[in-house]
Amino acid sequence: MTGTTVTQATDPAADAASLLNLIAGGAMTQIVHAVAALNIADHLAGEPRTAKEVAAREGSNERTTFRLMRAAASLGLLSYEGEGRFGLTGMGGLLRSDTPVSLRPMALVQAAPSHWQPWGLFPEAVRKGESQAGKALGADIFDYYARPENAEMARIFSEAMGGMSAMVTQGVVAGADLEGVSTVVDVGGADGHLVLALMEARPELRGQVLDLPHAVEGAVEEAARRGLSDRFSGAAGDFFAEVPTADLHVLKTVLHDWDDDRALRILRNCRAAAGEGGRALVVEMVLAEVGTSDFATISDMAMLCVTGGVERDLDEFDALFAAAGWSRGRTYPVGGGHFGMELRAV
Ligand SMILES: C[S@@+](CC[C@H](N)C(=O)[O-])C[C@H]1O[C@@H](n2cnc3c(N)ncnc32)[C@H](O)[C@@H]1O
């Protein structure tokens with residue numbers, strides 16, 4: 001909803017440098033991927049180390065580990081401390097596996113076949129107006145994750161969603177109106193980070209994650225890890241078929257995975273489960289004015305290519321909400337470019 005107006009460079013050399021930087025974007029994705037996959041941030045967590053020390057810990061090639069770490073320093077992920085030693089910057093620290101807001105799983109997912117292969121066909125997604133997951137993976141992304149041979153990647157995807165949730169959790173917990181709410185369903189909740197954070201803040205809340213059978217197990221485990229099993233349950237199901245009843249339905253970055261028809265089905269199923277006086281909380285990025293620098297427009301391209309979904313502006317959200325029997329009330333930023341949108345059944 002907010003954004004800064006894009007300024008145009010006029011110096012041709014600066015334009016070329018900027019464009020080359022964009023052209024190398026895929027290489028940067030893979031550099032971040034390799035830093036995550038080779039656990040470089042974990043190896044540097046205690047103290048700065050040389051590439052030789054990191055390579056010995058990781059069992060990787062010393063020379064190419066050095067070249068990767070040099071590139072990572074050039075991108076601001078690592079600091080160079082002299083005498084061959086590299087340390088972690090704040091940004092690089094987010095790739096540690098043991099940090100509360102770890103973006104390591106996200107770095108692994110974005111460069112994994114599930115995302116990388118559809119991206120390889122991206123111009124076709126624009127030309128045809130459809131996701132390329134079917135062509136690249138032989139299935140839509142969530143069916144791909146449901147295959148037994150992709151179970152490990154599906155687990156990392158859910159973890160990645162958890163890392164992204166951590167960026168907004170505080171804002172949602174602080175902003176959400178939970179007056180009169182005693183049951184919450186996190187619809188398509190993956191590992192359940194959002195509903196579990198609400199439950200931690202409100203000891204009277206009972207929570208549930210509705211997700212596909214392969215994904216819901218992670219939520220049950222996460223609830224147990226946080227000591228919340230007595231107030232939590234996992235519901236393996238399909239939100240296009242039915243959504244469990246609750247005082248509040250939470251939908252975080254679920255609607256953006258789907259086109260309008262399918263997003264509408266999810267919202268209608270929530271509305272049916274909510275009944276009179278029902279409430280929902282939608283957490284999504286909201287597109288800003290055209291022509292502003294807006295990360296939601298980049299995410300929109302990922303949705304087009306990988307899931308077949310779409311990022312929306314407020315008018316587009318409101319049209320969907322109204323068609324599904326919801327009315328939007330308070331809307332507030334929750335962090336990471338996301339907004340909380342409170343809905344009431346009409
Ligand atoms: C983009 S993720 C969002 C996860 C979580 N809400 C978050 O923001 O961290 C979308 C979630 O929807 C789930 N999902 C996809 N299709 C579904 C379906 N038909 N029924 C229930 N869940 C589904 C996926 O497994 C995934 O966990």
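Ligands are counted one by one from 1 in listed order, and the atoms in each one are counted from 1 as well.
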When you pair each N or O of ligand 1 with protein N or O atoms, which pairs come out under 3.5 Å?
residue, atom, partner, partner atom, Å
ligand 1, 6 (N), Gly188, O, 2.8
ligand 1, 6 (N), Lys252, O, 2.8
ligand 1, 8 (O), Lys252, O, 3.1
ligand 1, 8 (O), Lys252, NZ, 2.7
ligand 1, 8 (O), Thr253, OG1, 2.8
ligand 1, 9 (O), Met161, O, 3.3
ligand 1, 9 (O), Ser165, OG, 2.9
ligand 1, 19 (N), Asp238, OD1, 2.8
ligand 1, 20 (N), Phe239, N, 2.9
ligand 1, 25 (O), Asp211, OD1, 2.6
ligand 1, 27 (O), Asp211, OD2, 2.7

(request) On the 0 to 90° scale, with breaks at 30° and 60°, tag the Phe142-Tyr145 ring pair as parallel, tilted or perpendicular. (result)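 Aromatic pair Phe142/Tyr145 classed tilted.
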
Show every donor-acceptor pair shorter than 3.5 Å between a side-chain atom in residues 234-249 and any protein atom, with sequence neighbours excluded, or say none if there are none.
residue, atom, partner, partner atom, Å
Asp238, OD1, Phe240, N, 2.9
Asp247, OD2, Ser182, N, 2.7
Asp247, OD2, Ser182, OG, 3.0
Asp247, OD2, Thr183, N, 3.0
Asp247, OD2, Thr183, OG1, 3.3
His249, NE2, Pro244, O, 2.8

Before accepting this row, confirm whether a basic side-chain N of the pair [X]/[Y] lies closer than 4.0 Å to the acidic partner's carboxylate O.
| X | Y | result |
| --- | --- | --- |
| Arg344 | Glu342 | no |
| Arg226 | Glu200 | yes |
| Glu159 | Arg155 | yes |

(request) Run the ring-centre check on Tyr332 versus Phe339 and record whether the distance is less than 6.0 Å. (result)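 Ring-ring flag for Tyr332/Phe339: false, centres at least 6.0 Å apart.
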
